[in-house]
There are 2 protein chains.
Amino acid sequence: MATMTDVARRAGVSVSTVSYVLTGTRPISDATRDRVLAAMAELDYQPNAMARGLASRRSNIIGLLLPLTGRALGATETAFVTGATEAAREAGYHLMLCPVGTDDSDELQTLATQRLLDGFLVMEVQLSDRRVDLLRKLESPFVLIGRTEDPTGLACVDIDFDQTVDDAVAHLVQLGHEAVAYVNHSAASLASGYGPAKRTAAAFEAALRRHRITGVMVPTDDTATGGRQAIREARERCPRLTGVLVMNENAALGILAELREAGLDVPWDISVVSMVTSEVVADLASPALTAMTSPGSALGAAATRVLLKRLADGDGTTYEELLPCVLEVRGTSARPRKKK
Amino acid sequence: MATMTDVARRAGVSVSTVSYVLTGTRPISDATRDRVLAAMAELDYQPNAMARGLASRRSNIIGLLLPLTGRALGATETAFVTGATEAAREAGYHLMLCPVGTDDSDELQTLATQRLLDGFLVMEVQLSDRRVDLLRKLESPFVLIGRTEDPTGLACVDIDFDQTVDDAVAHLVQLGHEAVAYVNHSAASLASGYGPAKRTAAAFEAALRRHRITGVMVPTDDTATGGRQAIREARERCPRLTGVLVMNENAALGILAELREAGLDVPWDISVVSMVTSEVVADLASPALTAMTSPGSALGAAATRVLLKRLADGDGTTYEELLPCVLEVRGTSARPRKKK
DNA sequence: ATGAAAGCGCTAACAT
DNA sequence: ATGTTAGCGCTTTCAT
């Protein structure tokens, strides 16, 4: 394994010159640079990451804090990881997966003080998240995916739930629907103040008013069974119902199954729009789900870019970037057929 | 940020003593150790990962080579990543995600010679995989998830496809099925020599013989549409068909949809067993899919353990560990009802 | 059982 | 534009 000293000797220059060729932090004459580069190539030289990190106090690695609950990651999360990883690589950084939940404060403290990571991406952010407090205290640069209660002084990248709900409702209204339901996350998460649940509930109300249509919000579990119950309840509470928005993919599939068994035709009797859904899952359903596709990979890339920017600038001001889900019309939404 | 020198001074010992307390590579009297530990605690000392890595030539990080194709990772892969990450953490290691496909030789070369990673886990291994050749040449320790054509001298951890297929067929036979189809991966992947496709095809033939039943193998695309076509073809070629094994989850859902539309009752008319399927996806279907659940997270953990073992022992002998998928009977398999 | 000291391979002042 | 050199914070011989 050739070292920088080897390269310097071979190129007939000093080690610092070699170093500066690598980092580009001071002007080097073309002739010298060429000689150095040639020497590197001849020796198959690769800088030692550890030595670099030690001397520069930068590892060029960012950590992705992701609670690994045992159950699988959804497609959205996966896409996020992918997007973040790619964006990091393009900037010459590496991405390290760190299974750190809100409760593993010690783990995180160790990670952050080890100086192995230059900064953090924090996934699955809770409204009140201890990881945030800790990272702040330790003065580690970080970017949140999602938002805490009070985002002052934080950098957040999140789905634009307001916009997403509004776009979904607008899609149904445009098709001629006048009574729609919104099947939200569970009552429990709503009560616990889970951000997306609360924000979408409010956005739904607002959208109903804006579009002057009626509708009901039904919280339910994020399961197929939950979806089944929710659609039954929704139809009871609002018999004229012709459209439904669903927050959770599993619930969406449950709704399709329930409607089918009730002898109703999707999309002609009832349209279903799934929110924050990945393409894969949407295609699993039949008919394929009309959905608001979550910008998973774009979110990951955006978050990474924000973090790297902050690392470079030493910037720590409040920042917020919201990306809406994009409507993909597939087979479960249509103009409702006239009743009777 | 306290350094080892600070700790040494505070404890009234030399730096080397502090170091040995940390690494445990030489005996320390209890009294001294206690003083050192106390000093560390008082100073909130955390060893600097970079300095450690530079001096010891070990980063305590392993890389996970995972081609990020843009499309989402399946639940099995996700579980694998989770399992590997957890296992690494338990052993005091970190896991770094490296988006490196078979074609990114340069990327991999850089990664491996940078000395940032102690070893590699290689996912989505091709029958002939250039990453394997490269890692071997660079003498980087690594473990494959999957198998190459010739596994001599390699460490592999993989799904036991033979066992899995046999278990699935046995399940159907035991229920009384006498004519079953196997819906495999696409003809293209079969032709290209994709390992799992070839191995399961062979295992299916063997299982048919062993159980003295008839059956057909139908290759198809890994999509719902592919599944639909496949089941039509299978029923044409084998009208007495009462059971079907499916290799791909999407195809499995397509098959269910097609059968339903053809007016057939699952599982009473036709049983469906999905292979290498995750629980989440199985539950998405209605009825929930009887499936051979892939040991994703166990695979990840096993692979990590093998790699760490090799790092510790400097061992490089051939090694193979196969884990079967586990049968989970859900709603799509049953004793076939008598025809006519 | 403990200490002293020589690196590990690089970056970044400080020189010229 | 280039060279010299003092660290970065730790591990690990070599001593005692």
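Letters go in sequence order (proteins before strands), and every chain restarts at 1.
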J.: Atom CZ of A/R57 and atom P of D/dC10: how far apart are they, to the nearest Å?
T.: 12 Å
J.: Once you round it to whole Å, what is the distance between P of C/dA1 and CG of B/D30?
T.: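 Taking CG of B/D30 and P of C/dA1, I get 10 Å after rounding.
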J.: Going by ring pair (Phe, Tyr, Trp, His ring centres under 6.0 Å), name the residues that satisfy it together with B/Y93, two or more places apart in sequence or in a different chain.
T.: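 For B/Y93, no residue satisfies ring pair (Phe, Tyr, Trp, His ring centres under 6.0 Å) once neighbours in sequence are set aside.
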J.: Find the distance A/M50:CE to D/dT11:P and express it as a whole number of Å.
T.: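 Going from CE in A/M50 over to P in D/dT11 covers 13 Å.
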J.: Would you call B/D133 and B/R130 a salt bridge, using N to O less than 4.0 angstrom?
T.: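 Between B/R130 and B/D133 there is no salt bridge, as every charged N stays at least 4.0 Å from the carboxylate O atoms.
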J.: Starting at CG of A/L54 and ending at P of D/dG9, how long is that distance when rounded to a whole Å?
T.: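 Answer to the nearest Å: 7 Å.
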J.: Select one nucleotide: of D/dA1, C/dG9, C/dA1, the one nearest the side-chain heavy atoms of A/S29.
T.: D/dA1
J.: For nucleotides 10-16 of chain C, read 5' to 3', which letter fits each nucleotide if B means a protein heavy atom sits under 4.0 Å from the base, S means only the sugar-phosphate is that close, and - means neither?
T.: BBBBB--
J.: Is there a donor-acceptor contact under 3.5 Å linking the side chains of A/T32 and A/S29?
T.: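 Indeed, the side chains of A/T32 and A/S29 share at least one donor-acceptor pair under 3.5 Å.
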J.: Could you check whether atom CZ of B/R115 has more than 12 heavy atoms from other residues, nucleotides or ligands sitting under 6.0 Å from it?
T.: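 Open.
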J.: Who are the side chain to side chain contact (heavy atoms under 4.5 Å, CB included) partners of A/A55, not counting sequence neighbours?
T.: none
J.: Whole angstroms only, please: what is the CD-P distance between B/Q114 and C/dG9?
T.: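 Answer to the nearest Å: 15 Å.
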J.: Listed by chain and number, what are the ring pair (Phe, Tyr, Trp, His ring centres under 6.0 Å) partners of A/Y194, not counting sequence neighbours?
T.: A/H185
J.: Please give me the minimum heavy-atom distance between B/V125 and B/I145, naming the atom from each residue.
T.: CG2-O, 3.2 Å
J.: Find out whether A/V157 and A/V306 are in side-chain contact, i.e. whether some heavy atom of one side chain is under 4.5 Å from a heavy atom of the other.
T.: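 The answer is yes; the side chains approach within 4.5 Å.
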J.: What parts of residues 32-41 of chain A reach DNA chain C, counting only heavy atoms under 4.0 Å away?
T.: none
J.: Roughly how many Å is it from CZ in B/R9 to P in C/dA4, rounded to a whole number?
T.: 13 Å
J.: Just report the end-to-end axis angle for the helix from C/dA1-D/dT16 to C/dT16-D/dA1, five pairs per end, to 10 degrees.
T.: 30°
J.: Distance only, no hydrogens: is a donor on one side chain within 3.5 Å (strictly under) of an acceptor on the other, for A/D129 and A/T148?
T.: no
J.: Quick one: do A/D313 and A/K309 make a salt bridge, cutoff under 4.0 Å?
T.: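 Salt bridge: yes.
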J.: For B/V21 and B/R33, which heavy atoms make the closest approach, and how far apart are they?
T.: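 Taking B/V21 first and B/R33 second, the nearest heavy atoms are CG1-CG, 4.1 Å.
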